[in-house]
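The next block holds one structure in the form of structure tokens; read it before the comments.
Only heavy atoms go into these numbers, but all of them, side chains included; no hydrogens, no water, no symmetry mates. A, B, ... follow the sequence lines: proteins, then strands. Residue 1 opens every chain.
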Number of protein chains: 2
Amino acid sequence: MSLFTEQAVTSSDKTFFSLRKAIVEGEIPSGTKLSETELSTKYAVSRAVIREAINRLEACHIVERKANVGARVVALSQAGLEELYQVRESLEGMAARLAALNMSDEDINGLTQLLNHHASNVKSGESYYQEAGDVDFHYRIILGSKNNHLITMLVNGMYHLIRMYRVQLGMAGPRVTTAFDEHQHIVRAIRNRDPELAEMLMRRHIQYSKNNIANKLSSDNSKERTS
Amino acid sequence: MSLFTEQAVTSSDKTFFSLRKAIVEGEIPSGTKLSETELSTKYAVSRAVIREAINRLEACHIVERKANVGARVVALSQAGLEELYQVRESLEGMAARLAALNMSDEDINGLTQLLNHHASNVKSGESYYQEAGDVDFHYRIILGSKNNHLITMLVNGMYHLIRMYRVQLGMAGPRVTTAFDEHQHIVRAIRNRDPELAEMLMRRHIQYSKNNIANKLSSDNSKERTS
DNA sequence: ATCACACAAATTGTCGACAAAAGTATCATT
DNA sequence: AATGATACTTTTGTCGACAATTTGTGTGAT
């Protein structure tokens, strides 16, 4: 029961989704040049739809384009991760604040149920939690902000790039139980209708998450240097 | 001496800029249906470049598109303004925070000079300040964040929509001197390298600004009702 | 008079071809 | 051998035409 299933109506949509998935999952590696003719034969569509797909990918910062030269998949870097998470902290902090104001009581109950469901998984040792559960939690709060600008920016825009970092840097890592506690505190603040606290806790939560990834990233780098 | 002059290299760029300007300035009214064929004859380009321009406009939330139906210029509403300014508060707050950390001393000096320059204008009673000066101030802080995601989102994305609200609701209004004081306080916080305070002051500044517009908007509405 | 269906008109989506620009290789000159 | 100019190749940008979908209209039945 996914809360948000964007459905492809046009051929350009399908191509956009396919391309985005291929890039995010790393099938098309970071830094690759995206040749329009090549992709048009590979995906069996005209160059026009490829161009539109690439334009959309550019809009969510997954590829970079230069006029008369072409598009490349963005390069992942520590600095880029830092910048991305600064923006994420800002926007999701605001989302949590607004969620504390605008979520309905039913929404909040659903959120609590989700966490309870996770709690049992965490205790039983499954880390099934991380990927699906974590994004579900964050999605609900973002949607709970009831702010369409915010929702679009985060869900259609940034989250795919965030996922690209997480997938390609192999972030199936730990940080399960501590993140779970943080989630609980956030929900408590929302339930108490405390926007100030909800924002602060969400920002901290995302800062920790960033540090976790950044640490793994730099430790991977040092491993690489010594190998 | 504009800090940021995006230059059109391709024909699609030019059309995008023209269209954006026409919409923001209200020449193409809010809510208008954008016919591709019509625009292609009007701007003397092919439908392909019109489509690309419309796609880009959609990416910055200036038009809304439905598949197989078409694109319309967004409708301006109190709720939309509220949402927009919530996001703006969040992002520019973060920008001020980062500016306090990342701006060079020269950058800060330049900012101070700008304010001094404005001070003389304010005292001499010219309200030349508002439009150009205000955006210049905010631009510098946004650029001072040195965060490319943030910069792109705000400068290439949101600011045109913000300007659309300000232009079309006739915001040449007052609030000059009080905004000037707020600007000074923000710069002081940045100079003191106090990110926490800089963010808080910027957020307050934008909240006030929103209230100012919202008040004008609702008073206009009531005038309309009684006339 | 109203609703349903079918048909027509108009608009968007997709395609292949041409034009223009960037990149590459070759050759001449120093 | 290095450098610069020139021709060539490849890739992106732009265009007009066709296909598919939606919207508006009109006809007929209830």
Between His205(B) and His138(B), do the side chains contain an N or O donor and an N or O acceptor separated by less than 3.5 Å? yes
Using a cut-off of strictly less than 4.0 Å between a heavy atom of the residue and any atom of DNA chain C, enumerate the qualifying residues of residues 32-48 of chain A by number. Val45(A), Ser46(A), Arg47(A), Ala48(A)
Verify, without hydrogens or angle tests, whether Glu83(A) (side chain) and Asn148(B) (backbone) share a donor-acceptor contact under 3.5 angstrom. yes
Taking atom types as modelled, is there a side-chain donor on Thr37(B) or Ser35(B) under 3.5 Å from an acceptor on the other? yes
Between Thr10(A) and Asp13(A), is any side-chain donor less than 3.5 angstrom from a side-chain acceptor? no
If the condition is side-chain hydrogen bond (donor to acceptor under 3.5 Å, both in side chains), which residues does His149(A) pass it with, not counting sequence neighbours? none
Is it true that Asp107(A) and Ser104(A) share a donor-acceptor pair across their side chains at a distance under 3.5 Å? yes
Nearest-nucleotide comparison on DNA chain C, the residue closer to the 5′ end among Ala67(A) and Ala71(B): Ala71(B)
Which nucleotide of DNA chain C is the first, and which the last, in the 5' to 3' direction, to come under 4.0 Å of a heavy atom belonging to chain B? dT11(C) to dT14(C)
Axial cation check for Tyr165(B) ring with Arg163(B), 6.0 Å and 45° limits: no
Considering only NZ, NE, NH1 and NH2 on the basic side and carboxylate oxygens on the acidic side, decide whether Arg203(B) and Glu199(A) come within less than 4.0 Å. yes
Nearest whole Å is fine: how far is dT10(D) P from Asn68(A) CG? 18 Å
